[in-house]
Asker: 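For reference, the structure I am asking about is given below.
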Amino acid sequence: GLGKTTLVAEAARKAAYTGTCALLGRCQEDLSASYAPFAEALHHYVTHASEEALRAHVAAHGGELAKMVPALGQRLGELPEPTSTDPDTERYLLFGAVVGLLVQASSAQAVVLVLDDLQWSDKPSLQLLRYVVANAESARVLVVGTFRDSELSVSHPLTEVLGALRRAAGVHRGELKGVDELGGTMRLGEY
């Protein structure tokens, strides 16, 4: 590969050293569990956040997030039952709980949310990504998504999401090229 995962992981590590909350979620080629990259990233926050911050989140959003991040219930014990209604309303409440957690986390420190290998993401995760970008714009949250455009077709769900995100305020797309594509070579010790 081009080193995109290494690059964003190192950038997230450096951000964490400066006091930024760095959250990493990865998509897996052979694993299409709904919301997997968000579950992984938010699990890290939930396991390290203060109990007070988690209780404030539950007071505002109930137990909705526990479906995606079971560590919330493990940290706090008994939680309110998630709202059971039609699937669209349940998804809306879950998405609101995710944004609520990111907004709350960003009130204490800036947040970098890295979602890696989005070309392998499931459609619900991509819908959540669109929702987060559209609804967390007032928060100090930087969302970094990586993907291999060589694996995208016109009908790939990420293609539609990228088109929608292109129109969103504050969204920028960068392209990483391999060293050979730039006409150079890299040897150990060169930067």
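Just so you know, these numbers come straight off a predicted model, no measurement behind them. What's counted below: heavy atoms across the whole structure, side chains too, no hydrogens, waters or symmetry copies.
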Asker: If you measure from the Lys or Arg side-chain nitrogens to the Asp or Glu carboxylate oxygens, is any gap between K123 and E160 under 4.0 Å?
Answerer: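 Answer for the salt bridge query: no.
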Asker: Can a donor-acceptor pair be found, under 3.5 Å and without considering hydrogens, that links the side chain of H156 to the backbone of E151?
Answerer: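 Such a contact is absent between H156 side chain and E151 backbone.
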Asker: Give me the atom names and distance for the closest heavy-atom approach of P80 to V58.
Answerer: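 What the structure gives for the nearest pair is CD-CG1, 3.7 Å.
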Asker: Describe, in one word, how the ring planes of F95 and Y131 are oriented to each other, choosing from parallel (under 30°), tilted (30 to 60°) and perpendicular (over 60°).
Answerer: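 The rings of F95 and Y131 sit tilted, inter-plane angle from 30° to 60°.
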Asker: Mind jotting down which residue pairs meet the salt bridge (Lys or Arg N to Asp or Glu O under 4.0 Å) criterion with at least one end in residues 81-92? Sequence neighbours excluded, please.
Answerer: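 For residues 81-92, and leaving out neighbouring residues, the salt bridge (Lys or Arg N to Asp or Glu O under 4.0 Å) pairs sorted by first residue read D88-R91.
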Asker: How far does CG of L65 sit from CZ of F38, to the nearest 0.5 angstrom?
Answerer: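 Here the rounded value is 11.5 Å.
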Asker: Does E52 have any side chain to side chain donor-acceptor pair (under 3.5 Å) partners at least two apart in sequence or in another chain, and if so, which?
Answerer: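 If we apply the side chain to side chain donor-acceptor pair (under 3.5 Å) test to E52, skipping adjacent residues, there are no hits.
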Asker: Which one of V111, L113, L101, V112 satisfies the side-chain contact (heavy atoms from CB on, under 4.5 Å) criterion with S106?
Answerer: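 Of the listed options, the one satisfying the test is V111.
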Asker: Is it true that a side-chain atom of R130 and a backbone atom of L126 form a donor plus acceptor pair closer than 3.5 Å?
Answerer: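 Side chain of R130 to backbone of L126: no pair is present.
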Asker: Please report the interatomic distance CG(L42) to OH(Y35), rounded to the nearest 0.5 Å.
Answerer: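 Reported to 0.5 Å precision, the distance equals 12.5 Å.
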Asker: Which pair of heavy atoms, one from L79 and one from A66, lies closest together, and at what distance?
Answerer: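 Looks like CD1-CB, 3.6 Å.
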Asker: Under the 3.5 angstrom rule, does the side chain of H61 hit a backbone N or O of H57 as a donor-acceptor pair?
Answerer: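 No; zero donor-acceptor contacts below 3.5 Å.
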Asker: Nearest 0.5 Å, please: how far is CG in L118 from SG in C27?
Answerer: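 So the SG of C27 and the CG of L118 are separated by 5.0 Å.
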Asker: Does the side chain of Y92 reach to within under 4.5 Å of the side chain of E64, using non-hydrogen atoms?
Answerer: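 Side chain of Y92 against side chain of E64, heavy atoms only: no contact under 4.5 Å found.
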Asker: Enter the distance from L158:CG to L152:CG here, rounded to the nearest 0.5 Å.
Answerer: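 L158 atom CG to L152 atom CG measures 5.0 Å (nearest 0.5 Å).
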Asker: Would a hydrophobic clustering, with Ile, Leu, Val, Met, Phe, Trp and Tyr connected at side-chain separations under 4.5 Å, put V171 with V144?
Answerer: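 Hydrophobic grouping puts V171 apart from V144.
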Asker: Keeping T146 on the side-chain end and D117 on the backbone end, is there a donor-acceptor pair under 3.5 Å?
Answerer: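 Checking the backbone N and O of D117 against the side chain of T146, a donor-acceptor pair under 3.5 Å is found.
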Asker: Tell me whether V8 is reachable from Y45 by hopping between hydrophobic residues (I, L, V, M, F, W, Y) whose side-chain heavy atoms are closer than 4.5 Å.
Answerer: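 No, because Y45 and V8 fall into different hydrophobic clusters, even though each may have its own neighbours under 4.5 Å.
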Asker: Roughly how far, to the nearest 0.5 Å, is CG of L23 from CG of L142?
Answerer: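 That separation rounds to 11.5 Å.
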Asker: Will you find, in the side chains of T85 and T83, an N or O donor that is under 3.5 Å from an N or O acceptor?
Answerer: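 Result is no, nothing qualifies.
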Asker: Could I get the full list of side chain to side chain donor-acceptor pair (under 3.5 Å) partners for R26, not counting sequence neighbours?
Answerer: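 In terms of side chain to side chain donor-acceptor pair (under 3.5 Å), with neighbours along the sequence ignored, R26 is linked to E40.
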Asker: With rounding to the nearest 0.5 Å, note down the distance linking CZ in R167 to CG in L162.
Answerer: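 The CZ atom of R167 sits 11.0 Å away from the CG atom of L162.
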Asker: Which of these, V69, N135, L128, sits in a side-chain contact (heavy atoms from CB on, under 4.5 Å) with V98?
Answerer: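 Of the listed options, the one satisfying the test is L128.
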Asker: What heavy-atom pair brings A12 and A22 nearest, and what distance separates the two atoms?
Answerer: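 Here A12 and A22 meet closest at O-CB, 3.4 Å.
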Asker: Side-chain heavy atoms nearer than 4.5 Å, only ILVMFWY residues, links allowed to pass through others: does that put L102 and V114 together?
Answerer: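 Different clusters: L102 never reaches V114 through Ile, Leu, Val, Met, Phe, Trp or Tyr contacts under 4.5 Å.
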Asker: Between V133 and A168, what is the shortest heavy-atom contact and its length?
Answerer: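 Where V133 meets A168 most closely, the heavy atoms are CG1-CB, 4.2 Å.
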Asker: Restricting to non-hydrogen atoms, name the atom on D122 and the atom on S34 that form the minimum distance, rounded to 0.1 Å.
Answerer: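 The pair with the smallest heavy-atom distance is OD2-CA, 3.1 Å.
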Asker: Flag yes if V143 and L165 sit in one hydrophobic cluster, no otherwise; membership is Ile, Leu, Val, Met, Phe, Trp, Tyr, and two members link when side-chain heavy atoms are under 4.5 Å apart.
Answerer: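 V143 clusters together with L165.
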Asker: Starting from L94, can I reach V141 by hopping between I/L/V/M/F/W/Y residues whose side chains sit under 4.5 Å apart?
Answerer: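 V141 clusters together with L94.
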Asker: If every non-hydrogen atom of R75 is compared with every non-hydrogen atom of S50, which pair is closest and at what distance?
Answerer: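 Taking R75 first and S50 second, the nearest heavy atoms are NH2-C, 4.0 Å.
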Asker: For atom NE2 of H43, is the number of surrounding heavy atoms from other residues, nucleotides or ligands below 6.0 Å larger than 12?
Answerer: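 At most 12 heavy atoms, drawn from other residues, nucleotides or ligands, come within 6.0 Å of this atom.
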